[in-house]
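Data block below; observations after.
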Amino acid sequence: MSFNTVSIQVVNTSGNPLPFYATPSAAGMDVRASLASPVTIAPGKRALIPTGLRVAIPDGYEMQLRPRSGLALKNGITLLNTPGTIDADYRGEIGVILANLGDEDFTVTDGDRICQAVIAPVVHACWIECESLDETERADGGFGHSGVK
């Protein structure tokens with residue numbers, strides 16, 4: 001098994017382990033909360049959870065923050081702006097916007113695994129203005145255009 005790797009500088013003030021890949025084929029690394037005291041998120045509410053991590057992502061890459069499937073399924077906990085993007089030129093502490101879509105209060109404590117981080121390449125677009133676009137079979141069919149079955 002061979003993966004591309006990229007070195008990322010990180011400042012960790014959390015006292016928690018750095019994110020790591022749980023299995024050899026994992027795409028994401030679990031990110032942990034860095035909290036002085038627990039934070040409870042009521043149903044329908046959100047909270048910005050600090051991680052204690054600051055990173056220097058190399059140019060040409062981004063860090064995507066994504067929900068953890070177990071938290072989503074079992075507790076209705078997700079990231080409000082998923083995927084959240086950490087740009088290569090951001091140097092502040094990484095914060096995670098957790099939203100509680102469940103039916104019960106959810107409490108986050110220091111060291112809890114709250115999301116996944118995925119490192120991904122970035123491609124910049126070069127817009128070409130034009131008067132029309134080529135025709136396709138789909139054309140302008142939008143939401144639900146292909147049906148359910």
Side-chain angles (χ1 to χ4, degrees), residues 1-128 136 138 140-149:
M1 185 169 8
S2 175
F3 292 98
N4 292 327
T5 60
V6 60
S7 296
I8 298 175
Q9 294 178 328
V10 59
V11 174
N12 182 5
T13 60
S14 72
N16 294 314
L18 289 174
F20 63 92
Y21 297 100
T23 66
S25 296
M29 303 170 275
D30 288 340
V31 176
R32 297 174 185 269
S34 177
L35 297 168
S37 59
V39 172
T40 298
I41 309 169
K45 300 297 181 182
R46 62 189 175 273
L48 179 62
I49 306 296
T51 64
L53 301 175
R54 294 184 309 126
V55 295
I57 305 293
D59 284 337
Y61 293 89
E62 66 166 326
M63 178 186 288
Q64 297 177 0
L65 300 180
R66 302 177 182 180
R68 294 190 67 231
S69 58
L71 286 179
L73 178 64
K74 296 174 186 172
N75 305 103
I77 301 301
T78 191
L79 275 64
L80 204 52
N81 63 324
T82 184
T85 294
I86 309 301
D87 292 308
D89 57 355
Y90 178 67
R91 294 296 183 268
E93 180 179 2
I94 295 171
V96 178
I97 305 169
L98 288 185
N100 184 351
L101 304 179
D103 299 324
E104 299 178 8
D105 286 355
F106 183 81
T107 300
V108 182
T109 61
D110 184 57
D112 285 353
R113 295 176 296 154
I114 56 172
C115 72
Q116 294 186 72
V118 173
I119 307 302
V122 172
V123 176
H124 281 186
C126 178
W127 296 107
I128 302 171
T136 66
R138 179 176 177 173
D140 61 357
F143 299 104
H145 81 281
S146 62
V148 177
K149 295 189 184 235

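Any value given below was found using the heavy atoms of this structure, including those in side chains, with hydrogens, waters and symmetry copies removed.
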Return the minimal non-hydrogen interatomic distance between Asp110 and Ser34, and the atom names on each side. OD1-CA, 3.3 Å
When every non-hydrogen atom of Asn100 is compared with those of Phe106, the smallest separation belongs to ND2-N, 3.6 Å
Side chain to side chain contact (heavy atoms under 4.5 Å, CB included) with Leu65: which of Val118, Ile97, Ile94, Thr51? Ile94
Closest heavy-atom pair and its distance - Val31, Pro19: CG2-CG, 4.1 Å
Applied to residues 68-89, the side-chain hydrogen bond (donor to acceptor under 3.5 Å, both in side chains) test, sequence neighbours excluded, yields Asp30-Arg68, Glu62-Thr85
Note: Val6 and Pro58 closest approach over all heavy atoms is CG2-CG, 3.5 Å
Closest non-hydrogen contact found for Val122 with His124 is CG1-CD2, 3.7 Å
Side-chain (Asn16) to main-chain (Ala33) donor-acceptor, under 3.5 angstrom: yes
Heavy atoms, side chains only, cut-off 4.5 Å: are Ile8 and Tyr61 in contact? no
Shortest non-hydrogen separation from Ala88 to Asp59 and the atoms involved: CB-OD1, 3.8 Å
Identify, with sequence neighbours excluded, every residue that meets side-chain hydrogen bond (donor to acceptor under 3.5 Å, both in side chains) alongside Thr13. none
Side-chain donor/acceptor of Arg32 to backbone N/O of Gly111, under 3.5 Å: yes
